[in-house]
**Q** 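Let me begin by handing over the structure; questions about it come next.
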Amino acid sequence: MRKHLILGTALTALFISGCANMSDTQRRTATGAGVGALAGAVISSATGGSAGTGAVIGAGVGALGTYVWSQNMERQKREMEQATQGTGVSVSQTQDNQLKLDIPSDISFDVGRSDIKGNFAPVLDRFAASLRANQSTDVRIVGHTDNTGSDAINNPLSVDRANSTRNYLTARGVSGARIQTEGQGSYQPIASNNTAEGRSRNRRVEIFVGERPRN
């Protein structure tokens with residue numbers, strides 16, 4: 001098993017050492033592939049298989065998790081920045097090349113509710129149009145709450161908010177197969193829950209859009 005681990009480590013080093021002259025996207029892909037190679041070698045050797053074969057398979061798996069930031073994604077970001085200007089919605093590019101929309105509670109949902117507010121609808125309408133125009137993207141919607149109330153209330157409420165957002169998008173022609181939803185309850189605050197302003201910021205929905213690499 002030791003020689004298999006050495007092989008996996010060597011492959012990882014080769015992947016990472018070649019990253020110096022790569023773009024950020026290429027570097028993330030190569031690093032993911034290298035880490036996957038090491039994991040593949042370890043798993044394969046532990047189960048009696050070939051470490052070399054496991055490393056190759058692991059490299060492919062590691063590379064699959066990387067999104068690309070294409071011209072379509074840049075255009076979608078600009079469109080959403082224009083559509084949400086002055087609304088309080090934050091639009092950004094994440095480190096792993098996802099488009100992120102951070103929608104505060106005064107735009108998205110009333111306290112303790114999961115139905116879409118009227119001023120959230122135009123933002124989602126524009127967002128749905130951009131998703132229909134770019135079919136190679138995946139969407140993840142995450143609901144959050146403040147820490148007021150118990151987990152028994154907050155956890156399902158955060159899920160309901162994410163699902164309401166997904167249902168609004170699918171009703172406007174976006175395939176539900178592209179959209180994943182989850183709720184984090186009050187476990188991922190971005191501000192202090194000790195103030196009304198902080199609690200308002202924590203009651204939010206985050207939408208992530210990632211474009212899959214094309215074969």
Side-chain angles (χ1 to χ4, degrees), residues 23-29 32 60-110 113-145 155-185 188 190 201-215:
S23 66
D24 287 342
T25 298
Q26 292 171 327
R27 189 179 302 112
R28 275 188 287 270
T29 302
V61 172
L64 288 176
T66 302
Y67 291 112
V68 297
W69 190 260
S70 65
Q71 292 182 346
N72 288 334
M73 291 296 294
E74 182 63 31
R75 181 174 62 251
Q76 191 171 12
K77 180 175 181 288
R78 290 196 301 267
E79 290 175 353
M80 293 312 303
E81 286 173 338
Q82 295 174 358
T84 60
Q85 188 172 11
T87 65
V89 175
S90 172
V91 182
S92 61
Q93 177 185 356
T94 67
Q95 290 186 346
D96 60 345
N97 285 331
Q98 293 186 80
L99 174 65
K100 179 184 179 183
L101 278 67
D102 196 340
I103 302 101
S105 62
D106 56 348
I107 298 296
S108 52
F109 302 100
D110 289 324
R113 302 293 297 272
S114 61
D115 47 315
I116 302 294
K117 293 175 66 170
N119 54 352
F120 189 24
V123 173
L124 290 180
D125 289 339
R126 185 70 176 270
F127 183 55
S130 69
L131 290 177
R132 292 195 304 269
N134 191 357
Q135 295 290 328
S136 62
T137 55
D138 295 322
V139 183
R140 182 167 60 95
I141 304 173
V142 186
H144 301 270
T145 70
N155 291 347
L157 177 60
S158 65
V159 174
D160 289 344
R161 286 175 171 172
N163 288 340
S164 290
T165 306
R166 179 195 60 194
N167 294 342
Y168 190 97
L169 294 173
T170 57
R172 280 145 188 83
V174 181
S175 171
R178 299 171 57 190
I179 305 175
Q180 295 181 348
T181 60
E182 63 182 86
Q184 292 294 333
Q188 294 184 353
I190 58 173
R201 290 182 60 195
N202 291 334
R203 297 190 300 268
R204 70 197 191 279
V205 172
E206 297 170 331
I207 303 178
F208 298 87
V209 183
E211 182 172 323
R212 301 180 300 275
R214 296 179 182 178
N215 296 327

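Note that these values count all heavy atoms, side chains included, but never hydrogens, waters or copies made by symmetry. Computed from a predicted model, the values in this text were never measured in an experiment. FYI, the numbering just counts along the sequence from 1.
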**Q** Once rounded to the nearest 0.5 Å, what's the spacing between atom OG of Ser90 and atom NZ of Lys100?
**A**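 It is 7.0 Å, given to the nearest 0.5 Å.
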**Q** Nearest 0.5 Å please: distance from the OG atom of Ser92 over to the CZ atom of Phe208.
**A**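 Result: 8.0 Å between the selected atoms.
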**Q** Please name all residues satisfying side-chain hydrogen bond (donor to acceptor under 3.5 Å, both in side chains) with Asp110, sequence neighbours left out, ordered by chain then number.
**A**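 In terms of side-chain hydrogen bond (donor to acceptor under 3.5 Å, both in side chains), with neighbours along the sequence ignored, Asp110 is linked to Lys117.
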**Q** I'd like to check Arg166 versus Asn163 (side-chain heavy atoms, cut-off strictly below 4.5 Å). Are they in contact?
**A**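 Heavy-atom side-chain distance check passes, below 4.5 Å.
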**Q** Quick one: are Ser130 and Met80 in side-chain contact, heavy atoms under 4.5 Å?
**A**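 In short, these two side chains touch, coming nearer than 4.5 Å.
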**Q** Test Glu81 against every option in Gln85, Arg78, Lys77 by the side-chain hydrogen bond (donor to acceptor under 3.5 Å, both in side chains) rule and name the one that passes.
**A**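 Considering Gln85, Arg78, Lys77, a side-chain hydrogen bond (donor to acceptor under 3.5 Å, both in side chains) with Glu81 is found only for Lys77.
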**Q** Is there a donor-acceptor contact under 3.5 Å linking the side chains of Ser70 and Glu211?
**A**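 Yes - a donor-acceptor pair under 3.5 Å links their side chains.
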**Q** In Å and rounded to the nearest 0.5 Å, what is the CZ to CG distance from Arg132 to Leu169?
**A**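 Output value for this atom pair is 9.5 Å.
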**Q** Might you point out which heavy atoms bring Asn155 and Gly185 nearest each other, and give the distance in Å?
**A**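 Result for this residue pair: OD1-CA, 3.5 Å.
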**Q** For residues Gly143 and Ala162, report the shortest heavy-atom separation together with the two atoms involved.
**A**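 Shortest heavy-atom separation between Gly143 and Ala162 comes out as N-CB, 3.9 Å.
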**Q** Counting neighbours of CD on Gln180 that are heavy atoms of other residues, nucleotides or ligands and sit closer than 6.0 Å, is the number greater than 12?
**A**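 It does not: Gln180 CD has 12 such atoms or fewer within range.
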**Q** Going by heavy atoms in the side chains, are Thr165 and Phe109 under 4.5 Å from each other?
**A**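 Yes, close enough: below the 4.5 Å cut-off.
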**Q** Evaluate the side-chain proximity of Asp115 to Ser164: yes if any heavy-atom separation is below 4.5 Å, no if none is.
**A**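 Ser164 vs Asp115: side chains apart.
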**Q** Could you tell me whether a side-chain N or O of Arg126 sits under 3.5 Å from a main-chain N or O of Pro122, the two making a donor and an acceptor?
**A**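 Judged by distance alone, no pair lies under 3.5 Å.
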**Q** Which atom pair, heavy atoms only, marks the closest approach of Ile103 to Ser108?
**A**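 Shortest heavy-atom separation between Ile103 and Ser108 comes out as CG2-CB, 3.5 Å.
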**Q** Atom CZ of Phe127 and atom CG of Leu101: how far apart are they, to the nearest 0.5 Å?
**A**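 Answer rounded to 0.5 Å: 5.5 Å.
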**Q** Provide the closest heavy-atom pair for Ala121 versus Ile116 in the form atom of the first, atom of the second, distance.
**A**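 Where Ala121 meets Ile116 most closely, the heavy atoms are N-CG2, 4.2 Å.
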**Q** Pick out which of Arg140, Gln184, His144 makes a side-chain hydrogen bond (donor to acceptor under 3.5 Å, both in side chains) with Glu206.
**A**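 Answer after filtering Arg140, Gln184, His144: His144.
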**Q** Any side-chain heavy-atom pair from Val89 and Ile207 closer than 4.5 angstrom?
**A**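 No - every pair of side-chain heavy atoms lies 4.5 Å or more apart.
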**Q** What's the separation between atom CZ in Arg204 and atom CG in Asp106, rounded to the nearest 0.5 Å?
**A**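 The distance works out to 13.5 Å.
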**Q** Please check: side-chain N/O of Asn202 versus main-chain N/O of Ile190, any donor-acceptor pairing under 3.5 Å?
**A**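 At least one qualifying donor-acceptor pair exists.
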**Q** Applying side-chain hydrogen bond (donor to acceptor under 3.5 Å, both in side chains), can you list everything that pairs with Arg212, at least two apart in sequence or on another chain?
**A**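 Once residues adjacent in sequence are excluded, the partners of Arg212 under the side-chain hydrogen bond (donor to acceptor under 3.5 Å, both in side chains) criterion are Asp138.
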**Q** Cut-off 3.5 Å, side chains only: do Arg178 and Thr137 have a donor facing an acceptor?
**A**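 There is such a pair (donor and acceptor under 3.5 Å, judged by atom type) between the side chains of Arg178 and Thr137.
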**Q** Quick one: pull up CG in Asp102 and CD1 in Ile107 and give me the separation to the nearest 0.5 Å.
**A**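 It is 11.5 Å, given to the nearest 0.5 Å.
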**Q** Look only at the side chain of Arg161 and the backbone of Arg113, and say whether a donor-acceptor pair between them is shorter than 3.5 Å.
**A**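 Yes, the answer is positive, given that a donor and an acceptor are paired below the 3.5 Å cut-off.
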**Q** Would you name the heavy atoms of Asp96 and Tyr67 that are closest together and state the gap between them?
**A**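 Shortest heavy-atom separation between Asp96 and Tyr67 comes out as O-CB, 3.7 Å.
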**Q** Give a yes-or-no answer on whether the side chains of Asn72 and Gln76 include a donor-acceptor pair shorter than 3.5 Å.
**A**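 Their side chains do not contain a donor-acceptor pair, so the 3.5 Å distance test is not met.
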